[in-house]
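What you see below is based on every heavy atom in this structure, not just the backbone, and it leaves out hydrogens, waters and symmetry mates. Keep in mind that what you see is a predicted model, and the values were worked out from it rather than measured.
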Amino acid sequence: MIVVAGEALIDLVPSPQEPSPSHRGERDTATPDGLLPALQPQLGGGPYNTAVALGRLGSPAAFCSRVSTDAFGAALLHGLHRSGVDTSLVQRGSEPTTLAVADISPDGSAGYGFYADGTADRLFSLPPALPTAVRALSLGTCSLVLEPGASAYEALLHREARRGVFTALDPNIRAGLIADPDAYRSRFRTWLPDLALLKMSEEDALWLAGAGDVAGGGWDAVTAAAEEWLGAGPAAIVLTRGGAGMTALTRGGGELTVPGERVEVVDTIGAGDTVNAALLHRLDAHDALSYAAVTALGDDDWRDILRFAARAAAVTCSRAGAEPPFARELAV
């Protein structure tokens, strides 16, 4: 079983409007009379989306979090059950569900504003040791930022890694939530010795390296930072690069890139989370949910794993919201 630990929340996504005649081909989130668009509630949260994607791909998966007893929380649990995800590790609380208001850019990329004060997922507490059937643990996003829950998730990572569980992390940086970037970067480095797989976007890598944006930092800054991080612990780092595809960098000095899948992008909500799930699912298919097995993977193995993840992410990008694919949609 693969356990995904972290937040579950509700994305409030603006409904797209028909563009005005003078703006054909552009995304318009305002109504014709200039009023704000309706916000559509959608199930979300990086770890939540990852768990759902794993379930849809057919991997035995469980979600470990703290979810509200409100109506949004009930809907989130229903979404997990519908995708075949085990919820026995979910804690419950009467506090409200975190809300994330999405801002969709013309290219389909999404930014977020969060309403997370006093919400249920922030009060997550460290559970007992995970069941012996657990082979991998995936964490990331807001859950490792917002206290007091962040410390509990961090303790879970360290404890399970030292018990021999395969660990994966997607920092999925939400800079607006990080009050002290340098302190977060230092904390991130303390996680590296207990990671087997680190996955992140090129933009997040540059942010964590303190190298500015993609234009100002560039690929050389990314690979230099990745080399440092690999030396501190992970067996491999997978970097997502938008339309340029994704790259796997390994502790042994290997580097392999696959191109992105061509698709008409509706939005990118949940695409990175889908990559997380697809990587874990395909690593499992290669019997590589262990540090030693990842280290032993060859170029052909990585090419297959990355191509599978790229196909899965493309499906998610082709439809609105975090709607990862089912296994049948990726059959070749």
Side-chain angles (χ1 to χ4, degrees), residues 1-10 42-93 97-98 120-144 149 152-157 159-161 163-170 172 196-197 199 270 273-285 287-290 312 316 322-330:
M1 176 180 288
I2 300 171
V3 171
V4 185
E7 77 276 0
L9 51 77
I10 296 295
Q42 297 179 353
L43 309 179
Y48 179 89
N49 297 336
T50 298
V52 167
L54 279 166
R56 291 185 178 188
L57 291 174
S59 284
F63 189 54
C64 181
S65 183
R66 191 171 188 274
V67 174
S68 177
T69 55
D70 65 13
F72 285 144
L76 287 161
L77 284 184
H78 180 68
L80 292 166
H81 295 153
R82 193 170 59 232
S83 296
V85 178
D86 185 298
T87 59
S88 60
L89 296 172
V90 172
Q91 305 164 19
R92 305 300 301 277
T97 298
T98 296
D121 56 294
R122 294 188 67 165
L123 299 178
F124 173 80
S125 59
L126 180 65
L130 298 180
T132 56
V134 173
R135 302 176 58 222
L137 171 66
S138 173
L139 303 101
T141 318
C142 308
S143 55
L144 285 164
Y153 285 114
E154 181 179 66
L156 179 66
L157 165 65
R159 187 189 70 193
E160 296 303 316
R163 292 178 60 233
V165 173
F166 182 91
T167 53
L169 171 69
D170 176 10
N172 202 8
L197 176 67
K199 173 264 174 186
D273 311 321
T274 299
V275 171
N276 296 340
L279 290 172
L280 291 168
H281 178 81
R282 204 62 165 185
L283 283 169
D284 194 18
D287 196 23
L289 286 182
S290 72
T316 301
E323 287 293 340
F326 291 87
R328 62 179 179 272
E329 297 179 89
L330 302 178

J.: Show the numbers, then the answer: is there a side-chain contact (heavy atoms from CB on, under 4.5 Å) between Val4 and Leu54?
T.: CA-CA 9 Å; Val4 185; Leu54 279 166; 3.6 Å; yes
J.: Under the ring-ring contact (aromatic ring centres under 6.0 Å, His included) test, which residues partner Phe124, sequence neighbours left out?
T.: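 Phe124 satisfies ring-ring contact (aromatic ring centres under 6.0 Å, His included) with Tyr153 once adjacent residues are dropped.
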J.: Do Asp121 and Val67 have side chains that get closer than 4.5 Å, going by heavy atoms?
T.: no
J.: According to salt bridge (charged side-chain N to carboxylate O under 4.0 Å, His left out), who are the partners of Asp70, at least two apart in sequence or on a separate chain?
T.: none
J.: Could you measure the distance from the CG atom of Asn49 to the CG atom of Leu43? Nearest 0.5 Å is fine.
T.: 8.5 Å
J.: Once rounded to the nearest 0.5 Å, what's the spacing between atom CG of Asp284 and atom CG of Leu279?
T.: 12.5 Å
J.: Which residues satisfy the salt bridge (charged side-chain N to carboxylate O under 4.0 Å, His left out) test with Arg92, sequence neighbours excluded?
T.: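 So Arg92 forms no salt bridge (charged side-chain N to carboxylate O under 4.0 Å, His left out) with any residue.
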J.: Going by ring-ring contact (aromatic ring centres under 6.0 Å, His included), name the pairs with one or both residues in residues 58-83, residues two or more places apart or in two chains.
T.: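 ring-ring contact (aromatic ring centres under 6.0 Å, His included) check on residues 58-83 returns Tyr48-Phe63.
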J.: Within this structure, what is the CG-CD distance for the pair Leu144 and Glu154, rounded to the nearest 0.5 Å?
T.: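 The CG atom of Leu144 sits 7.5 Å away from the CD atom of Glu154.
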J.: Is there side-chain contact between Leu280 and Ser138, with at least one heavy-atom pair below 4.5 Å?
T.: yes
J.: Within the 4.5 Å heavy-atom criterion, are Asp273 and Pro324 side-chain neighbours or not?
T.: no
J.: Do you know the tightest heavy-atom contact between Ala62 and Met1?
T.: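 The pair with the smallest heavy-atom distance is CB-SD, 3.5 Å.
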J.: Given side chains that start at C-beta, do those of Gln91 and Ser125 come closer than 4.5 Å, heavy atoms only?
T.: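 They are in side-chain contact.
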J.: Report yes if the side chains of Cys64 and Pro127 come closer than 4.5 Å at any heavy-atom pair, otherwise no.
T.: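 In short, these two side chains touch, coming nearer than 4.5 Å.
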J.: When rounded to the nearest 0.5 angstrom, what distance separates OG in Ser143 from CZ in Arg122?
T.: 12.0 Å
J.: Report the distance from atom CG of Leu137 to atom CG of Leu169, rounding to the nearest 0.5 Å.
T.: 10.0 Å
J.: Kindly write out the residues that satisfy salt bridge (charged side-chain N to carboxylate O under 4.0 Å, His left out) with Asp170, not counting sequence neighbours, or none if the list is empty.
T.: Lys199
J.: Would you mind reporting whether Thr316 and Pro325 have side-chain heavy atoms less than 4.5 Å apart?
T.: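 Touching, per the 4.5 Å side-chain cut-off.
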J.: Taking salt bridge (charged side-chain N to carboxylate O under 4.0 Å, His left out) as the cut-off, I'd like each qualifying pair that reaches into residues 53-62, sequence neighbours left out, listed once.
T.: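 Listed by first then second residue: Arg56-Glu323.
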J.: Has the side chain of Thr97 got a donor or acceptor atom that lies under 3.5 Å from a matching backbone atom of Leu9?
T.: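 Checked: no pair found.
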J.: Please lay out, stage by stage, how Glu160 and Val134 fare under the test side-chain contact (heavy atoms from CB on, under 4.5 Å).
T.: CA-CA 10 Å; Glu160 296 303 316; Val134 173; 5.7 Å; no
J.: If you compare all heavy atoms of Ala51 against all heavy atoms of Leu80, which two are closest, and at what distance to 0.1 Å?
T.: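 Heavy atoms only, the tightest pair is CB-CD2, 4.2 Å.
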J.: Can you check whether Ile10 reaches Leu76 side chain to side chain, under 4.5 Å on heavy atoms?
T.: yes
J.: Between Phe166 and Ala196, what is the shortest heavy-atom contact and its length?
T.: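 For Phe166 versus Ala196, the nearest heavy atoms are CE1-CB, 3.5 Å.
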J.: State, to 0.1 Å, how close His281 and Leu57 come at their nearest heavy-atom pair, and which atoms those are.
T.: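 Of all heavy-atom pairs spanning His281 and Leu57, the closest is CE1-O, 3.1 Å.
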J.: Do Ile2 and Leu289 make a side-chain contact, defined as non-hydrogen atoms from C-beta onward lying under 4.5 Å apart?
T.: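 Sidechains of Leu289 and Ile2: in contact.
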J.: Which heavy atom of Leu156 sits nearest a heavy atom of Ala5, and at what distance?
T.: CD2-CB, 3.8 Å
J.: Shortest non-hydrogen contact from Gly6 to Ser65?
T.: O-OG, 2.7 Å
J.: Check whether any side-chain N or O of Arg82 sits under 3.5 Å from a backbone N or O of Val52 as a donor-acceptor pair, and report yes or no.
T.: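 Looks like no, no N/O pair under 3.5 Å.
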J.: Any chance you could measure Asn172, atom CG, to Leu139, atom CG, to the nearest 0.5 Å?
T.: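 Between atom CG of Asn172 and atom CG of Leu139 there are 12.5 Å.
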